[in-house]
Each structure stands twice: as C-alpha cells, then as structure tokens.
Amino acid sequence: MKKIFSAILVFFCIVSLFSQQINKSGKTLVERFLPPKNYNRIHINDDSFGDFLRNYPLKEYNSPVLLYNGYEKSNKVHISVFDMPLLNVDLIQCADAVIKLRAEYLYQQNRYSEIMFHITNGMAVPFEKYANGERVIVSGDKAAWKSGFKRGYDRKIFDEYLKFIYSYAGTYSLSREAKTKAISDIEIGDFFIYGGSPGHVVLVLDIAVDESTGKKIMLLGQSYMSSQDFHILKSYDNINPWYYIEDSVLKTPEWTFQKGSLKGF
C-alpha cells in the first residue's frame, strides 16, 4: 500500500511539474515551453538566428510527426512539431532540415550573400550564383557551374536552390563546413553532429541558465530518415523536454553523440 501511495505521489508531482512547464496552447517555443524553476532564458538579439528559432510557429501540441508520404512516424520521440512544410519526396532529412532553417532565416533577413552550403564532394554552392543565373550540373561524380538560367532572388529560385542542396548535401558535408565549438561557447542555432552515412544532427533550439549556479539547459530538435516533420525532442533528463548542457556524451532518443560533437555555422 505504501508503494502504491508513493507511486501515485510521484505521478502527481510529475503532472504538476509539467503543467507548470508546458503551455499546450502556446504557438512558439517561448510560449509553449517554460524553463524549469530557477532557470531563465538567455538574452539574444531580436534579429538573431536564435530569435528566429524561438519564434518559429509550432503545430498544435498533440500533432504527430508526419513523414513526407503522409504516414506517421512510429517512434514517438517528440514533444512538439515545427509547422515547417515538407516536400512530397524523401529529401528533407536531418541535415537538410538544419540547412533549411538556417537558409530560411538568412533569406528572411535578405542576407543572400551568406546563404552558401557545401555539397558532399566539397564544392561550395552559394545562393547568389543561382540568383545570377547559374546552376550546378551534376554528371556522375563531377559537378560544374553552367550559366544561362533564370535570374532573381524570388522564392521559386530560392526553393530550386534548396532542393539542389537537399539532394547533394548531408551530415558529412555539413560537419566538414561547420566550426567545432567548445561546450562552454554553446549558442542557440548550434548543433550536435556526427557526419557519416548514416550520420545525424540535432539542432539547439533554445537555452536557459540558472543564474545562481551558471548551469545551462537546452531544447533540441531534429528531422530524421525518412524525410519527416522537424520536431522538438523529448529528454531523458528530469527536466524533460529540456536537456542539461554538459561536456560529455549527449544521449538523445534516436542518437548518441560523443563528447566534442558540438558545431556551429
């Protein structure tokens, strides 16, 4: 009887904890996920990548993660889903989703010259070349620029550019072009990555700090294989869905990242 009472007490404590931390009607990270007691969100600039991620629209709280073909993801590892459209082909996987979010932020800011990603063979592909009427033509394992195509910075050309990047970039190329960072320098918009085939990447969506101890926590998001909705991950930590930021192995529901896996744009 004592054990049953203890279990019930623990259950209601957990329910109480999450009712304080999660506002299910919230439309963004900031509105939906409140930091645990004693933690406050770090300050960031209004026009930063971090601000873009914090305020990205979320689907309704109980929304499933959908694959590109409309089926539901069977492994329930998420707590919320970004309202970010997929293509109807299997292209926007883990690295592609991180690339898309970064590119969308820069495009929204009209920072076109900064939109540049490498493809797997190491070739740099800037969006401005697409805007100037050039395209990458791939033949076997060779890729070369060719001119004479439609010019402009409009959405159609930007989407054409992104689709090419999704097709020829991945965790390997993203890992090689990114900058390795110390965990003490972590920022919103950084990512934990293993570049390989297969590889994986999770994006740091938010950070909060306990001002009295300096301890930091984070929210993480991912896409996966097959192409699927970008989603906010559940956590194994007792502050779920937040993760403690530690200079050690990071265990997420579908991947374990070794120490030293943090990188940034």
Side-chain angles (χ1 to χ4, degrees), residues 28-29 42-57 82-87 91-139 142-182 185-193 195 199 201-207 221-223 230 262-265:
T28 65
L29 285 178
I42 62 169
H43 172 74
I44 54 175
N45 294 330
D46 290 344
D47 60 352
S48 65
F49 186 35
D51 185 67
F52 174 82
L53 294 172
R54 275 183 175 172
N55 291 287
Y56 202 94
F82 270 39
D83 193 5
M84 186 171 80
L86 291 173
L87 301 175
L91 282 181
I92 306 179
Q93 298 182 2
C94 58
D96 308 308
V98 171
I99 287 169
K100 177 175 173 60
L101 285 164
R102 179 65 178 177
E104 293 283 0
Y105 159 69
L106 294 172
Y107 187 76
Q108 184 185 90
Q109 296 271 320
N110 298 324
R111 290 161 58 181
Y112 304 128
S113 64
E114 297 177 51
I115 303 173
M116 191 277 292
F117 301 96
H118 291 77
I119 56 177
T120 302
N121 69 359
M123 181 181 185
V125 183
F127 171 57
E128 283 204 325
K129 281 206 168 190
Y130 265 64
N132 290 331
E134 297 180 65
R135 300 292 185 272
V136 181
I137 307 301
V138 178
S139 178
K142 295 182 180 179
W145 288 101
K146 186 175 180 180
S147 58
F149 294 85
K150 187 177 178 181
R151 296 169 175 261
Y153 293 89
D154 60 77
R155 185 75 213 190
K156 188 173 181 182
I157 291 176
F158 181 57
D159 285 341
E160 182 185 351
Y161 168 79
L162 287 179
K163 191 170 183 180
F164 176 82
I165 296 296
Y166 303 151
S167 301
Y168 293 100
T171 54
Y172 178 74
S173 58
L174 182 59
S175 178
R176 291 184 70 189
E177 74 182 7
K179 301 171 186 175
T180 300
K181 299 189 68 174
D185 297 326
I186 192 170
E187 298 175 282
I188 304 171
D190 291 341
F191 44 89
F192 294 86
I193 188 167
V201 56
V202 296
L203 184 64
V204 179
L205 300 175
D206 205 353
I207 295 174
Q222 70 168 27
S223 178
F230 188 83
L262 181 68
K263 298 197 174 188
F265 287 107

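Given the structure is predicted, the values throughout are model-derived calculations rather than measurements. Index from 1, following the sequence. The figures that follow rest on heavy atoms only: side chains count, while hydrogens, waters and symmetry mates do not.
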TODO: Return yes if some donor-acceptor pair links the side-chain N/O of Ser48 with the main-chain N/O of Asp51 below 3.5 Å, else return no.
DONE: yes

Task: Where Leu205 and Leu53 come nearest, the two heavy atoms and their spacing - done: O-CB, 4.1 Å

Open item on the list: Just verifying a value: how many Å separate Ile99 CD1 and Leu203 CG, rounded to the nearest 0.5 Å?
Closed with: 11.5 Å

- [ ] State which residues pass side chain to side chain donor-acceptor pair (under 3.5 Å) with Tyr172; sequence neighbours excluded, sorted by chain then number.
- [x] Arg176

Task: Heavy-atom pair of closest approach, residues Val136 and Ala143 - done: CG1-CB, 3.8 Å

TODO: Check whether any side-chain heavy atom of Val125 sits under 4.5 Å from a side-chain heavy atom of Phe127, and report yes or no.
DONE: no

Task: Spatial distance of atom NZ (Lys129) from atom CZ (Arg151) [nearest 0.5 Å] - done: 12.5 Å

Open item on the list: Please report the interatomic distance CD1(Ile165) to CD1(Ile92), rounded to the nearest 0.5 Å.
Closed with: 12.5 Å

Task: Test side chain to side chain donor-acceptor pair (under 3.5 Å) applied to Gln222 - qualifying residues, sequence neighbours left out - done: His200, His231, Glu254

Open item on the list: Please report the interatomic distance CG(Leu101) to CE(Met84), rounded to the nearest 0.5 Å.
Closed with: 4.5 Å

TODO: Report the residues that fulfil side chain to side chain donor-acceptor pair (under 3.5 Å) with Asn132, sequence neighbours left out, ordered by chain and then residue number.
DONE: none

Open item on the list: Quick check for you: to the nearest 0.5 Å, what is the distance between Leu29 atom CG and Asn55 atom CG?
Closed with: 8.0 Å

Open item on the list: So Phe49 and Gln109, do their side chains get closer than 4.5 Å, heavy atoms only?
Closed with: no

TODO: Please list, chain by chain and in numerical order, all residues satisfying side chain to side chain contact (heavy atoms under 4.5 Å, CB included) with Ala95, sequence neighbours excluded.
DONE: Thr171, Leu174, Val201

Task: All side chain to side chain donor-acceptor pair (under 3.5 Å) counterparts of Ser175, not counting sequence neighbours - done: Lys263

TODO: List in chain and number order the residues that pass side chain to side chain contact (heavy atoms under 4.5 Å, CB included) with Lys146, two or more places apart in sequence or in another chain; answer none if no residue qualifies.
DONE: Ile137, Phe149

Task: Shortest non-hydrogen contact from Ile115 toward Phe158 - done: CD1-CE1, 4.0 Å

- [ ] For Ser223 and Cys94, work out which heavy atoms get closest and say how close.
- [x] O-CB, 3.6 Å

TODO: Taking ring-ring contact (aromatic ring centres under 6.0 Å, His included) as the test, write out the residues that go with Phe82, two or more places apart.
DONE: Tyr56, Phe230

Task: Residue pair Phe117 / Phe265, side-chain heavy-atom distance below 4.5 Å - done: yes

Task: Pairs meeting criterion side chain to side chain donor-acceptor pair (under 3.5 Å) with involvement of residues 112-122, two or more places apart - done: Asn110-Tyr112, Arg111-Glu114, His118-Glu177

Task: Closest heavy-atom pair and its distance - Ser167, Lys163 - done: OG-O, 2.8 Å

Task: With Lys181 via side chain to side chain contact (heavy atoms under 4.5 Å, CB included) - residues at least two apart - done: Asp185, Glu187, Asp190, Leu262

Task: For Tyr130, all residues meeting ring-ring contact (aromatic ring centres under 6.0 Å, His included), sequence neighbours excluded - done: Tyr161

- [ ] Drop me the distance from Ile42's CD1 to Arg54's CZ, to the nearest 0.5 angstrom.
- [x] 6.0 Å

- [ ] Keeping to residues at least two apart or across chains, list the salt bridge (charged side-chain N to carboxylate O under 4.0 Å, His left out) pairs with something in residues 96-109.
- [x] Lys100-Glu104, Glu104-Arg155

Task: Asp154: partners by side chain to side chain contact (heavy atoms under 4.5 Å, CB included), with sequence neighbours left out - done: Lys150, Lys156, Ile157

